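Computed from a predicted model, the values in this text were never measured in an experiment. Numbered from 1 within each chain, the chains take letters A, B, ... in sequence-line order. Both backbone and side-chain heavy atoms feed into the values below; hydrogens, waters and symmetry mates do not.
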Protein chains: 2
Amino acid sequence: MSAVSCTPTMGRPRAFDVDTALEKALEVFWRNGYDGTSLSDLTEAMGINKPSLYAAFGNKEQLFLKAIEFYENRACSFFLPALEKPTAYEVAEHMLYGAAMNMTDSDHPQGCIVVQGALSCSEAAATVKEALKNRRVEGGEKLCERFKRAIAEGDLPADVDAEVLACYLGTVLQGMAIQATNGATSEQLRQVAQMTLQAFPRR
Amino acid sequence: MSAVSCTPTMGRPRAFDVDTALEKALEVFWRNGYDGTSLSDLTEAMGINKPSLYAAFGNKEQLFLKAIEFYENRACSFFLPALEKPTAYEVAEHMLYGAAMNMTDSDHPQGCIVVQGALSCSEAAATVKEALKNRRVEGGEKLCERFKRAIAEGDLPADVDAEVLACYLGTVLQGMAIQATNGATSEQLRQVAQMTLQAFPRR
DNA sequence: GGCTTTGTGTACCCTTTGGTAAAAAACCAC
DNA sequence: GTGGTTTTTTACCAAAGGGTACACAAAGCC
């Protein structure tokens, strides 16, 4: 199941659990950003030494990318499940309320690592910055596709612009990540979600 | 006028213009973030040596804070002027369309440095992270005050929740900064602005 | 038991980081 | 010119950055 490494049968067994270590790394990257996280921060949080980190994950950049994958596959992810809802309105509703809940959850850093993990960063972080940007853009495209389908199904009025609607929803979702880091409560974000839905076309 | 230093009459004159150098520093910080910007990046962009930088601006942290001040006092700032508009709706309108224009202006990096300058960062950047967070929160509070005034003036319905309205608008504005870094065009952001205004109560 | 294979721990590599000491240079007042 | 004052230049510092060599330890295989 672990996407990171197939445990070999020979040789000394690993003394740590790869997914647990990845989860710790995710939390550090989430809180401090890519540039703001040092290898010492990582090895300390993960409870392993540098050679173990490099053997298991490649390097800092690859570790970050694997942490992002781990993040998106977590049980509490809300984006993809929301896309499956039967109507466009319910898609938006579940996504907005899911974000309000998830981004303020005190079990992990506030906000969203795909937004804040490497927003403005050094040349050395250009690859991960691009990777996160692509994920944000792809999220918008998935929303757009979903709304186009809704129009085709007659679930949304034919004169609705799916791209604008997706961009609007994406803007609010990404803005909620910033609000969460500002200290907004889940209740405040739920009210933002409610207002956002007021501008949302219903069949 | 320069808030940075009163030019002394004695001694060797400065070989660079403080405000020009500050503008260059702002651009680097804006593009790379606080953690992602090194002193070499700064001195190269500003065209000065490190001792000159330290003499004129203190250190990296103080230079960043002065760059933020410079940023907020620029001619093309839109936030404070929008607050002065006669009605709450016009306040929101000017702020949203101002953001759509400003955050995609190719004369400088995309987005907003108050949002992306130090969103997730190292312990060493905790001070500037906090400073930016405070500015974002204060922006929301100013919006809230403005909307409360609008309610008192009868410009907004009495049953409107000024706090929710301010949080909603702040969320969209901060989300627009992310969209701009994603590569959104000013036209796309204008359409987001238009949709946002649909949820805005009118008298 | 030995052999092979893999992971761990320590100690190290070079580069870059933020920041400064000290001397030379450019100005003003006299 | 001389003295006082400030800025520039060059060279440097200690610490931290990402990354690795190497010896040793722990497992399966035979």
**Student:** Between B:Ser52 and D:dT8, does any side-chain N or O lie under 4.0 Å from OP1 or OP2?
**Tutor:** yes

**Student:** Nearest heavy atom decides the nucleotide; on that basis, is B:Arg12 or A:Asp41 closer to the 5' end of DNA chain D?
**Tutor:** B:Arg12

**Student:** Rounded to whole Å, how long is the line connecting atom NZ of A:Lys50 with atom P of C:dC13?
**Tutor:** 13 Å

**Student:** If you measure from the Lys or Arg side-chain nitrogens to the Asp or Glu carboxylate oxygens, is any gap between B:Lys133 and B:Glu130 under 4.0 Å?
**Tutor:** yes

**Student:** Looking for any heavy atom pair under 4.0 Å, which part of the strands does A:Pro13 touch: base, sugar-phosphate only, or nothing?
**Tutor:** sugar-phosphate

**Student:** When we call it a touch if two heavy atoms are under 4.0 Å apart, what does B:Ala15 touch: a base, just sugar-phosphate, or nothing?
**Tutor:** sugar-phosphate

**Student:** At 4.0 Å (heavy atoms only), tell me whether B:Ser122 reaches a base, stays on the sugar-phosphate, or touches nothing.
**Tutor:** nothing

**Student:** Reckon B:Asn49 has a side-chain N or O less than 4.0 Å from the OP1 or OP2 of D:dT8?
**Tutor:** no

**Student:** Rounded off to whole Å, could you give me the OH-to-P distance for the B:Tyr54 and D:dA11 pair?
**Tutor:** 19 Å

**Student:** Is the Lys NZ or Arg CZ of A:Lys60 less than 6.0 Å from the centre of A:Phe29's six-membered ring, within 45° of the axis?
**Tutor:** no

**Student:** Whole Å only: how far is the CZ atom of A:Phe16 from the C1' atom of C:dT8?
**Tutor:** 10 Å

**Student:** Under 4.0 Å between a side-chain N/O of B:Ser38 and OP1 or OP2 of C:dT17, yes or no?
**Tutor:** yes

**Student:** Salt-bridge test for B:Arg135 and B:Glu72: reply yes if a basic N is under 4.0 Å from a carboxylate O, no otherwise.
**Tutor:** yes

**Student:** What nucleotide, of D:dG19, D:dT9, C:dG18, holds the atom closest to the side chain of B:Leu39?
**Tutor:** C:dG18

**Student:** Quick test of your reading of the model: are B:Lys142 and B:Glu138 salt-bridged, counting only N-O distances below 4.0 Å?
**Tutor:** no

**Student:** According to a strict under-4.0 Å criterion, is B:Arg14 in side-chain N/O contact with OP1 or OP2 of D:dT7?
**Tutor:** yes

**Student:** Within this structure, what is the NZ-to-P distance between A:Lys60 and C:dT15, rounded to whole angstrom?
**Tutor:** 19 Å

